[in-house]
Chemist: 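This is the structure I have questions about; it appears just below.
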Amino acid sequence: MTSIRSGKKRALAKAITLLESSLDEHKEHSRSLVDEALTHSGKSLRVGITGVPGVGKSTFIECLGLYLINSGFKVAVLAVDPSSPITGGSILGDKTRMEMLSREENAFIRPSPTSGSLGGVAQKTRETILLCEAAGYDVVLIETVGVGQSEYHVSEMVDFFLVMILPGGGDELQGLKKGILELADGMVVNKCDGDTVQSANVSKQQLVSALGLLSQSEYWSTPVLTCSSFNKKDVIQVWAMIGEYFDLVKANGELQKRRNKQNINWMNALIEEALIGRINSNSKVKTLLLELETSVKKMEITPYAAAKEVIQALDGL
């Protein structure tokens with residue numbers, strides 16, 4: 001932990017690799033690292049950034065990261081790449097896409113595979129955030145794959161949740177779920193330059209109208225901005241929005257309430273992970289599960305009754 005606290009990137013990278021390892025001896029070591037990191041964490045601004053593939057998340061993050069570093073911040077980027085369900089592999093190409101940012105001394109970019117984790121986020125993203133904070137990073141940006149349930153999972157581990165969309169008029173808006181609009185703390189219509197300026201402004205007005213139909217919090221109404229990542233003023237404007245929100249929720253106590261809730265969700269997720277681990281590590285329970293799956297398929301037993309048998313088998317261990 002001393003090397004991590006002193007800001008050594010190699011030590012931080014090795015610690016995250018330990019977190020992501022499935023080996024039992026690595027798990028014990030990584031748990032002790034997270035316990036140590038906990039006392040040095042909580043001081044960063046955690047920002048989740050999502051959007052469909054091609055919306056320009058990586059370009060925007062690089063431009064924002066460079067601006068923040070020039071403003072005196074240390075920036076960590078946790079970029080989650082989807083793993084192949086067939087081979088288990090992933091491209092992990094974010095360091096290539098963020099070439100300029102990756103060369104900065106005060107930037108740390110960590111691409112991580114989802115490794116089968118539901119929601120398009122890496123299994124150890126929460127723990128990785130703590131390690132980055134212990135290493136002294138002031139801003140932690142989490143880029144999601146922008147598909148499936150990723151938005152919901154990432155929103156449960158960040159302070160500000162930014163949704164990026166493409167200029168596309170009604171079609172783009174129709175593709176957004178109501179739940180995503182409710183989760184967003186801020187929205188950006190990206191790639192607002194050249195021939196897309198008009199369509200970006202149309203999309204912005206449609207989003208503003210849609211958000212007006214939803215119930216908003218008493219202290220914050222979700223802003224909608226247009227942005228071109230190549231226009232520094234636009235990037236600064238987005239950061240100003242995030243900073244305004246962070247200052248507000250920090251002052252009114254909502255930030256601490258949000259993080260408290262996130263910690264409870266984290267605990268529940270770990271309990272579920274531990275239960276599944278117990279099932280997979282016990283040959284008798286695993287055999288029983290396979291038998292019950294066959295019975296459920298044949299409708300010889302209800303899923304409820306099958307689940308009850310598995311729980312009873314675990315209780316008997």
Side-chain angles (χ1 to χ4, degrees), residues 1-21 26 29-49 57-58 60-80 92 94-95 97-112 121-144 154 156-162 235-236 238-240 242-251 255-256 258-260 262-263 266:
M1 181 52 68
T2 303
S3 296
I4 294 174
R5 292 281 295 143
S6 64
K8 293 182 179 178
K9 292 183 185 180
R10 184 174 176 80
L12 177 57
K14 288 178 69 176
I16 296 171
T17 299
L18 274 178
L19 279 176
E20 295 173 347
S21 173
H26 290 169
H29 189 188
S30 65
R31 286 193 195 103
S32 63
L33 280 175
V34 173
D35 288 342
E36 287 186 64
L38 196 59
T39 59
H40 305 289
S41 66
K43 296 179 182 178
S44 79
L45 201 172
R46 308 165 183 172
V47 181
I49 300 174
K57 297 187 295 292
S58 296
F60 171 77
I61 289 171
E62 179 170 51
C63 294
L64 176 61
L66 290 171
Y67 165 71
L68 292 174
I69 287 170
N70 289 331
S71 300
F73 292 98
K74 288 186 68 177
V75 180
V77 179
L78 308 181
V80 184
L92 303 178
D94 286 276
K95 282 195 174 182
R97 294 198 295 269
M98 303 180 196
E99 188 177 351
M100 287 189 291
L101 184 60
S102 66
R103 291 199 295 260
E104 292 288 334
E105 179 62 30
N106 287 327
F108 176 77
I109 301 175
R110 176 70 183 201
S112 298
V121 292
Q123 289 181 333
K124 300 299 179 182
T125 300
R126 291 181 178 90
E127 292 93 330
T128 302
I129 291 171
L130 297 184
L131 289 178
C132 288
E133 290 178 338
Y137 289 93
D138 310 296
V139 181
V140 181
L141 305 175
I142 304 171
E143 178 193 3
T144 80
V154 171
E156 291 181 348
M157 59 182 76
V158 296
D159 305 319
F160 189 96
F161 187 56
L162 181 68
V235 175
I236 293 173
V238 175
W239 178 247
I242 296 171
E244 181 185 352
Y245 177 86
F246 189 71
D247 290 341
L248 177 63
V249 294
K250 196 173 181 180
L255 176 64
Q256 193 57 53
R258 184 165 183 165
R259 288 192 174 183
N260 290 343
Q262 289 170 354
N263 286 335
W266 183 10

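These values consider heavy atoms only, across backbone and side chains, with no hydrogens, waters or symmetry-generated copies.
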Chemist: Enter the distance from Glu104:CD to Met98:CE here, rounded to the nearest 0.5 Å.
Modeler: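 Between atom CD of Glu104 and atom CE of Met98 there are 13.5 Å.
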Chemist: Measure across Val140 and Cys132 and return the closest heavy-atom pair with its distance rounded to 0.1 Å.
Modeler: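 Reported closest heavy-atom pair: CG2-CB, 4.3 Å.
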Chemist: Would you compute the distance between atom CG of Leu255 and atom CZ of Arg259 and round it to the nearest 0.5 angstrom?
Modeler: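 Interatomic distance, Leu255 CG to Arg259 CZ, rounded to 0.5 Å: 5.0 Å.
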Chemist: What are the two closest non-hydrogen atoms of Gly72 and Asp138, and how far apart are they?
Modeler: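 Of all heavy-atom pairs spanning Gly72 and Asp138, the closest is O-OD2, 4.3 Å.
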Chemist: Considering all heavy atoms of both residues, which atom of Gly65 and which atom of Leu101 are nearest to each other, and what is their separation?
Modeler: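 Shortest heavy-atom contact: C-CD1, 3.8 Å.
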Chemist: Checking Lys9 side chain against Ala107 main chain: does a donor-acceptor pair fall under 3.5 Å?
Modeler: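 Yes.
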Chemist: Quick check: do Ile4 and Met1 have side-chain heavy atoms less than 4.5 Å from each other?
Modeler: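 Heavy-atom side-chain distance check passes, below 4.5 Å.
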Chemist: As an exercise, state the distance from CD of Glu127 to CG of Asp35, rounded to the nearest 0.5 Å.
Modeler: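 Reported value, rounded in 0.5 Å steps: 10.5 Å.
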Chemist: Nearest heavy-atom pair of Gly48 and Val154: which atoms, and what distance?
Modeler: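 The answer is CA-CG1, 3.9 Å.
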Chemist: Find out whether Arg126 and Glu156 are in side-chain contact, i.e. whether some heavy atom of one side chain is under 4.5 Å from a heavy atom of the other.
Modeler: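 The answer is yes, as the side chains (C-beta and beyond) meet within the 4.5 Å cut-off.
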Chemist: Where do Thr144 and Lys57 come nearest, in terms of heavy atoms and distance?
Modeler: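 Smallest interatomic distance, heavy atoms only, reads O-CE, 3.1 Å.
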Chemist: May I ask you to decide if the ring planes of Phe108 and Tyr137 are parallel, tilted or perpendicular, using 30° and 60° as cut-offs?
Modeler: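 It falls in the tilted class, 30° to 60°.
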Chemist: Is there a side-chain contact between Phe73 and Leu45, using heavy atoms and a 4.5 Å cut-off?
Modeler: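 Sidechains of Leu45 and Phe73: no contact.
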Chemist: Is any side-chain heavy atom of Glu244 closer than 4.5 Å to one of Leu248?
Modeler: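 Not touching, per the 4.5 Å side-chain cut-off.
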Chemist: Give a yes or no on whether the backbone of Val158 and the side-chain of Gln262 come within a donor-acceptor separation of less than 3.5 Å.
Modeler: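 Yes, because the side chain of Gln262 sits within donor-acceptor range (under 3.5 Å) of the backbone of Val158.
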Chemist: Looking at side-chain heavy atoms only, is the closest gap between Leu131 and Glu36 below 4.5 Å?
Modeler: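 A side-chain contact under 4.5 Å is absent here.
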Chemist: Looking at side-chain heavy atoms only, is the closest gap between Asn106 and Leu68 below 4.5 Å?
Modeler: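 Sidechains of Leu68 and Asn106: no contact.
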Chemist: Side-chain contact test, heavy atoms from C-beta onward, threshold under 4.5 Å: evaluate it for Phe160 versus Arg258 and give yes or no.
Modeler: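 In short, these two side chains do not touch, never coming nearer than 4.5 Å.
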Chemist: Can you measure from NZ (Lys124) to OG (Ser30) and round to the nearest 0.5 angstrom?
Modeler: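 Interatomic distance, Lys124 NZ to Ser30 OG, rounded to 0.5 Å: 6.5 Å.
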Chemist: Please check this pair: side chain of Ser41 against backbone of Leu38, looking for a donor-acceptor N/O pair closer than 3.5 Å.
Modeler: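 Yes, Ser41 side chain to Leu38 backbone: donor-acceptor pair under 3.5 Å.
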Chemist: Rounded to the nearest 0.5 Å, what separates atom OH in Tyr67 from atom CG in Leu64?
Modeler: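 Answer rounded to 0.5 Å: 9.0 Å.
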Chemist: Is a side-chain N or O of Glu62 found less than 3.5 angstrom from the main chain of Met100, in a donor-acceptor match?
Modeler: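 Indeed, once roles are kept as given, a pair shorter than 3.5 Å links the two residues.
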Chemist: So do the side chains of Ile61 and Ile49 get within less than 4.5 Å of each other, counting heavy atoms only?
Modeler: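 The answer is yes, as the side chains (C-beta and beyond) meet within the 4.5 Å cut-off.
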Chemist: What I want to check is whether the side chains of Arg110 and Thr17 have a donor and an acceptor closer together than 3.5 Å.
Modeler: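 Per modelled atom types, Arg110 and Thr17 side chains form a pair under 3.5 Å.
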Chemist: Start with the C-alpha distance between Asn263 and Trp266, add both sets of side-chain angles, then the distance that settles side-chain contact (heavy atoms from CB on, under 4.5 Å), and finish with yes or no.
Modeler: CA-CA 5 Å; Asn263 286 335; Trp266 183 10; 3.9 Å; yes
Chemist: Drop me the distance from Cys63's SG to Ile236's CD1, to the nearest 0.5 angstrom.
Modeler: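 The CD1 atom of Ile236 is 11.5 Å from SG of Cys63, to the nearest 0.5 Å.
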Chemist: Where do Val249 and Asp159 land on the side-chain contact (heavy atoms from CB on, under 4.5 Å) test, with the steps shown first?
Modeler: CA-CA 9 Å; Val249 294; Asp159 305 319; over 6 Å; no
Chemist: How far apart are the closest heavy atoms of Ala135 and Lys74, and which atoms are they?
Modeler: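 For Ala135 and Lys74, the tightest heavy-atom pair comes out as O-NZ, 3.4 Å.
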Chemist: Whether Arg46 and Glu133 form a salt bridge (side-chain N of Lys/Arg under 4.0 Å from carboxylate O of Asp/Glu) is what I want to check.
Modeler: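 Answer for the salt bridge query: yes.
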